> 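Submitted below is the structure of interest, expressed as structure tokens.
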Amino acid sequence: MAPSTKVLDGGWGWAIVVASFMAQLLAYGSPQSVGVLYPEWLHAFQEGKGMTAWVGSLVAGVGLIASPVCSACVDNFGARPVTIFSGVMVAGGLMLSAFAPNVQFLIFSYGIVVGLGCGLVYAATLTITCQYFDKRRGLALGIVTTGTSVGAFIYATAQNELIVLYGLDGCLLIIGAMALNLMACAGFMRPLNMPGYYLKQKAALERNTEEQLFEKPQLDDLKITTGSTATTPEKTLTVKELLITIDAKDLAVQTEKKKGSFLDGLAIVKVIKKKQQAYSRYMHSMYEILQDQAMVAFCIAVFLFSLGAFPPVLFIEDIAQSEGLIEEVSVIPLVSIGAIATCVGKLVLGMLVDIRWINSIYLYAFTMFAGGVALLLIPITKSYVGLQILSAVLGFFSGNWSLTSYITTKIVGLDRLTQAHGILMFFGGFGIMLGPPVVGWFFDWTQSYDLAFYFSGSCVELGAIILFLLNLPCWNRKHSENDRPDVHYTSNCDKVASVA
């Protein structure tokens with residue numbers, strides 16, 4: 001069932017935008033403001049900061065690394081079932097975390113279970129929004145993706161207040177219960193395109209039905225019971241109705257008859273060869289993508305930026321408390337300030353990159369350089385106001401995540417966006433997973449955050465330099481800025497799901 005142009009860019013599509021926005025807010029609110037929970041976990045479990053940091057790093061990185069799997073789930077089952085299932089995962093993971101006896105259990109319940117649930121929500125919401133919008137797709141996706149930043153702003157303050165009122169366990173239980181509203185958001189996600197799983201089922205239904213129709217009917221099936229009207233013409237049944245009337249025992253008999261058939265063996269071999277050829281083409285395409293110097297530089301830059309720029313989200317509140325700048329978490333936590341700044345940064349940088357004379361790669365390198373400077377200034381800042389300013393600056397330039405799909409398309413083209421962005425998100429997720437534990441280990445080793453943030457800032461600055469130098473015109477790259485392809489989004493939601 002193809003989407004009609006009448007339903008695109010309006011109508012029920014705006015209900016989809018609101019539902020997707022709320023889904024991202026409910027799913028990512030707690031993980032994006034995990035810095036409020038981090039000091040509480042340190043106090044509750046008395047573990048090292050490096051070990052405890054794995055909780056926050058996994059919940060952010062697992063969804064990115066598993067993005068190809070999440071995209072495949074959405075493509076096969078549809079946005080609505082995936083969002084319902086992710087609601088169970090996110091709510092269940094948060095509620096289980098309330099009963100965590102140690103950090104290792106918390107790594108599983110909060111880091112992995114909630115992280116995978118968030119990845120599924122992100123893929124589902126972007127895919128369903130893509131289906132309902134064409135000309136206004138950029139605006140719709142921009143509204144939907146700001147749900148993560150708005151959620152971080154709201155949940156940072158809400159979790160702080162809930163911890164004061166009900167304790168850490170009560171806070172996680174209430175937040176988990178709120179996450180169950182993801183199922184309500186899924187109810188609005190009416191599909192326009194039939195998912196792959198249902199298409200396969202439909203094809204199997206039609207094949208089985210044809211075989212049933214061409215089989216010789218048994219004599220018992222032709223008998224007419226007393227009181228039936230034999231003169232009534234036979235009713236034409238649909239595929240679904242015929243399937244319901246087919247006896248499961250008959251289908252089992254048909255399957256047994258086909259076993260051992262030589263033709264079936266040849267068919268299996270043929271399918272295996274096709275799978276092998278598709279896999280070979282996929283690996284060859286990935287190899288070609290990684291041969292592009294600009295793409296390799298961008299992957300390295302995203303990895304180094306994720307490694308250095310994500311730890312402040314987790315540690316910034318603990319820094320303020322350990323330095324004695326504030327006794328408790330503020331009414332408007334530093335995490336909330338960074339989240340709102342990130343939201344503004346996404347919108348501003350998204351508008352700047354549309355200006356023709358601005359080079360998107362150099363713009364991304366500049367945001368990395370400015371973010372690295374903010375990281376290097378954190379150890380020498382001795383006031384809470386200074387940390388607030390640096391949180392806002394770092395949050396604004398962290399909005400450069402909105403540029404990743406644009407730059408990837410410019411480097412490899414729209415046809416290879418799915419694979420290239422999957423590779424890029426793997427590097428980003430890997431950096432996010434490693435960053436907080438590394439900073440925590442630095443603190444456990446030196447009992448100070450100074451060396452840790454000098455290391456983080458240096459990583460980000462190194463990434464900016466590598467990205468800038470390897471994209472200078474003297475390298476004669478294949479794709480120059482003047483020849484960049486205009487990005488026209490299509491209704492192929494596979495690409496959008498993979499970007500998630």
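Predicted model, so just to flag it, every value in this text is computed and none were measured.
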> What distance separates I84 CD1 from F77 CZ, expressed to the nearest 0.5 Å?
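CZ of F77 is found 13.5 Å from CD1 of I84.
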
> Crowded around F188 CZ? As in, over 12 foreign heavy atoms under 6.0 Å?
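Not more than 12 within 6.0 Å, no.
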
> Should the ring pair W41 and Y110 be called parallel, tilted or perpendicular, given that the plane angle runs from 0 to 90° and is split at 30 and 60?
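It falls in the perpendicular class, over 60°.
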
> Has M51 got more than 12 heavy atoms of other residues, nucleotides or ligands less than 6.0 Å from its CE?
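Not more than 12 within 6.0 Å, no.
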
> What residue pairs, at least two apart or across chains, pass side-chain hydrogen bond (donor to acceptor under 3.5 Å, both in side chains) with a residue in residues 15-27?
Q24-T125

> Quick check: closest heavy atoms across C185 and M22, and the distance to 0.1 Å?
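The answer is SG-CB, 3.9 Å.
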
> For Y166, does the OH atom have more than 12 heavy-atom neighbours from other residues, nucleotides or ligands under 6.0 Å away?
no

> Has F85 got more than 12 heavy atoms of other residues, nucleotides or ligands less than 6.0 Å from its CZ?
no

> Can you tell me how far CG of L58 sits from CE of M433, rounded to the nearest 0.5 angstrom?
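Rounded to the nearest 0.5 Å, the CE-CG separation comes out at 4.5 Å.
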
> Mind listing the closest non-hydrogen atom pair of V460 and L375 along with its distance?
CG2-CD1, 3.7 Å

> I'd like to check the side chain to side chain donor-acceptor pair (under 3.5 Å) partners of Y364; sequence neighbours left out, ordered by chain and number.
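So Y364 forms no side chain to side chain donor-acceptor pair (under 3.5 Å) with any residue.
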
> Using 30° and 60° as the class limits, which term best fits the ring planes of Y28 and Y122: parallel, tilted or perpendicular?
perpendicular

> Quick one: are V348 and F396 in side-chain contact, heavy atoms under 4.5 Å?
yes

> Heavy atoms only: give me the nearest V439-S456 pair and the separation to one decimal.
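Heavy atoms only, the tightest pair is CG2-OG, 3.6 Å.
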
> To the closest 0.5 Å, what do you measure between NZ (K346) and CG (L403)?
11.0 Å

> Which atom names give the shortest non-hydrogen contact between L173 and A98, and what distance separates them?
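For L173 and A98, the tightest heavy-atom pair comes out as CG-CB, 3.7 Å.
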
> Does any N or O in the side chain of S97 come within less than 3.5 Å of the main-chain N or O of L106, such that one atom is a donor and the other an acceptor?
no

